[in-house]
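Below you will find the structure I want to go over with you.
By convention in this document, chain letters (A, B, ...) are assigned in the order of the sequence lines, proteins followed by strands, and residues within each chain are numbered from 1.
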There are 2 protein chains.
Amino acid sequence: MATSDPVYLRVVEDIRRQINDGSLPPGAPIPSRAQLTRKYQVGETAARHALRVLAGEGLIIGRVGSGHYVRERPDLTSLHRWRFLDHPAPFAADLQSQGRRVTWDWHSEPTEAGPDLARRLRIGESTALTKTRYIFRGDGRPLQLATSYEPREFAAHSEEERRSLVARMYAHGIKITEIVESVHTRIPRPAESDALDLAAGVHVLHVERTHWAGDRPVETSDIVIPGDRFRITYSMPV
Amino acid sequence: MATSDPVYLRVVEDIRRQINDGSLPPGAPIPSRAQLTRKYQVGETAARHALRVLAGEGLIIGRVGSGHYVRERPDLTSLHRWRFLDHPAPFAADLQSQGRRVTWDWHSEPTEAGPDLARRLRIGESTALTKTRYIFRGDGRPLQLATSYEPREFAAHSEEERRSLVARMYAHGIKITEIVESVHTRIPRPAESDALDLAAGVHVLHVERTHWAGDRPVETSDIVIPGDRFRITYSMPV
DNA sequence: CGATGACTGCTGGAGCCCCAACTTTGCGAT
DNA sequence: ATCGCAAAGTTGGGGCTCCAGCAGTCATCG
């Protein structure tokens, strides 16, 4: 089976091996198209296809006019979810507690639920909601997008109020009892690629978070995090 | 800026739009290379590149001899982590509790820690460990790979013993107090693509799970889950 | 001595072509 | 009516070529 493998795969696998075993360290230049054709005795099509595949995997990055280089693979920063945190962006809060400077912008607007949110919040599709978009930056780099949805009647009337969902709910006689977070991975939408400054081939972690009061969901948010820089850590007491 | 965009992007964006707004429903055929060149007045290179990009994103799938089709996007199955579960694969256990048939194979072998595991388990690099690989299948399809590492002296001597880490540890006077799971996303290694039967462009969710006894890690595992079929859900009581 | 400009090498976009392997379809023969 | 088979269409691998735009380098000119 390995005999009739496509030739570009030979190139891909050889370079991948060299990156993995360290003989091509981060930042090292990859041979150019012309060099690859000579080195592996393949056509230019195969050479460039190999480079494209490796770039698509995020292992190397191409710089026009310069060459391809092994991507620096920053250690994944761990966003720790180690206890209940009453904060619009618990993951950002964790970075802050690690001593990093975190800044953010936000913007609120009224909206209607629609089918997806109606399901998530167990409300009617035309329920009036407040939608708040956040963009968080840590150490100057974009770090997370968050979009929060909550019923209009709970809207915050001051910065203080906005920061604490739990306190705001409590003022309406609602006690939040559980937070549920659902993690999956997907391809970033174009707007997210822009906002998070993502390289090609990088996926995002998408967390759907819902605050529950008993058996009733009262707020839900979508949190989008660059998949190449972060991991999310959950602690569960036994 | 949109004027000098590469032509293949025009094709990509038009098809993506049609998939998103439903005019190309799941299973619908995408025009062939030849048809695309005519329809969008582009060369064959641009047409095939557009198809490749869309396939790389997992939006469409190419079948040799037949054509490209809009991928069926199964709803993400939620693997629920809603309470402490003493099971080699809590995510598989959750599927089971959803009424799906889950089967698995496993295989144990002795190994040495090495630098990475030494760090994770806070032990010396040459500590003797037992490595157990699992492959879980749900409804006939591969669902999760897991590799568990634990100190050799805790090895299970029977099937019953193997199933409960907590009981086994307890027999050694060790009480597990916390489970920490760290989630990130990455490109599957070739062996994982094979074993999990992943389509091109699909990422995996990689969960590093560690069982702690007080401030001492006693077991750690790597759990690899197809990113296109599952989401992981964590519940946190407030 | 310093600045400008020409030259070379590289990537990424694009076009056209050939071929093997596979699917689908439709026709013709039984 | 059904079976078998050939023809047509499609993907994926691969080859060759051209060009625009960018990044260095190096030599030449003021």
Quiz item: Under the side chain to side chain contact (heavy atoms under 4.5 Å, CB included) criterion, do B/Tyr40 and B/Val7 qualify, and how do the steps go?
Solution: CA-CA 9 Å; B/Tyr40 294 93; B/Val7 292; over 6 Å; no
Quiz item: Can you find a side-chain donor-acceptor pair between B/Glu219 and B/Ser221 that sits under 3.5 Å?
Solution: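 Note: B/Glu219 and B/Ser221 side chains meet the donor-acceptor criterion.
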Exercise. Between C/dT11, C/dT23, C/dA21, spot the one nearest the side chain of B/Ser66, thanks.
Key: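 Closest nucleotide to the B/Ser66 side chain: C/dT23.
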Self-check item: Heavy-atom donor-acceptor pair, B/Arg48 side-chain to D/dG14 base, under 3.5 Å
Solution: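 Side chain to base: pair present.
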Quiz item: Is there a side-chain contact between B/Met236 and A/Tyr234, using heavy atoms and a 4.5 Å cut-off?
Solution: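 Side chain of B/Met236 against side chain of A/Tyr234, heavy atoms only: contact under 4.5 Å found.
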Practice problem: Whole angstrom is fine here: how far is it from CZ in B/Arg52 over to P in D/dT10? | Solution: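 The answer, rounded to whole Å, is 18 Å.
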Exercise. List the steps and the verdict of side chain to side chain contact (heavy atoms under 4.5 Å, CB included) for B/Arg137 and B/Leu143.
Key: CA-CA 5 Å; B/Arg137 275 173 283 265; B/Leu143 121 75; 5.8 Å; no
Quiz prompt | Between P of D/dG14 and CG of A/Leu51, the distance in whole Å | solution =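 Whole-Å distance recorded here is 14 Å.
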Self-check item: Short side-chain N/O contact from B/His49 to OP1 or OP2 of C/dG12, under 4.0 Å
Solution: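 Looking at the OP1 and OP2 atoms of C/dG12, neither is under 4.0 Å from any side-chain N or O of B/His49.
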Practice problem: Identify, residue by residue, the members of residues 31-40 of chain B with a heavy atom below 4.0 Å from DNA chain D, and return them in order of residue number, or none. | Solution: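 Output list: B/Ser32, B/Arg33.
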Exercise. Answer with base, sugar-phosphate or nothing: what part of the nucleic acid does A/Gly43 contact at a heavy-atom distance below 4.0 Å?
Key: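 Sugar-phosphate, no base atom in range.
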Exercise. Could you tell me whether the side chain of A/Thr45 has a donor or acceptor atom within less than 3.5 Å of a complementary atom in the base of D/dG15?
Key: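 Per atom types, the contact qualifies.
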Quiz prompt | Residue whose nearest DNA chain D nucleotide is more 5′ - A/Glu44 or A/Gly65 | solution =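 Here A/Glu44 is the residue nearer the 5' end.
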Quiz item: Any chance CZ of B/Arg17 has more than 12 other-residue heavy atoms, nucleotides or ligands included, within less than 6.0 Å?
Solution: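 Atom CZ in B/Arg17 is crowded, with more than 12 foreign heavy atoms closer than 6.0 Å.
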Quiz item: How about A/Arg71: does its CZ atom have over 12 heavy atoms from other parts shown lying under 6.0 Å from it?
Solution: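 Result for CZ/A/Arg71: enclosed.
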Exercise. Please state how far atom CD1 in B/Ile60 lies from atom P in D/dT10, giving the value in whole angstrom units.
Key: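 Atom-to-atom, B/Ile60 to D/dT10, this comes out as 14 Å.
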Quiz item: Under a 4.5 Å cut-off applied to non-hydrogen side-chain atoms, are B/Arg120 and B/Tyr149 in contact?
Solution: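 Result no, sub-4.5 Å side-chain heavy-atom pair not found.
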Quiz item: In whole angstroms, how far is the C1' atom of D/dG12 from the CZ atom of B/Arg63?
Solution: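 One finds 15 Å between C1' of D/dG12 and CZ of B/Arg63, rounded.
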Practice problem: Give a yes/no answer on whether the side chain of B/His68 brings an N or O atom under 4.0 Å of OP1 or OP2 in D/dT11. | Solution: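 So the side chain of B/His68 is within the cut-off, an N or O lying under 4.0 Å from OP1 or OP2 of D/dT11.
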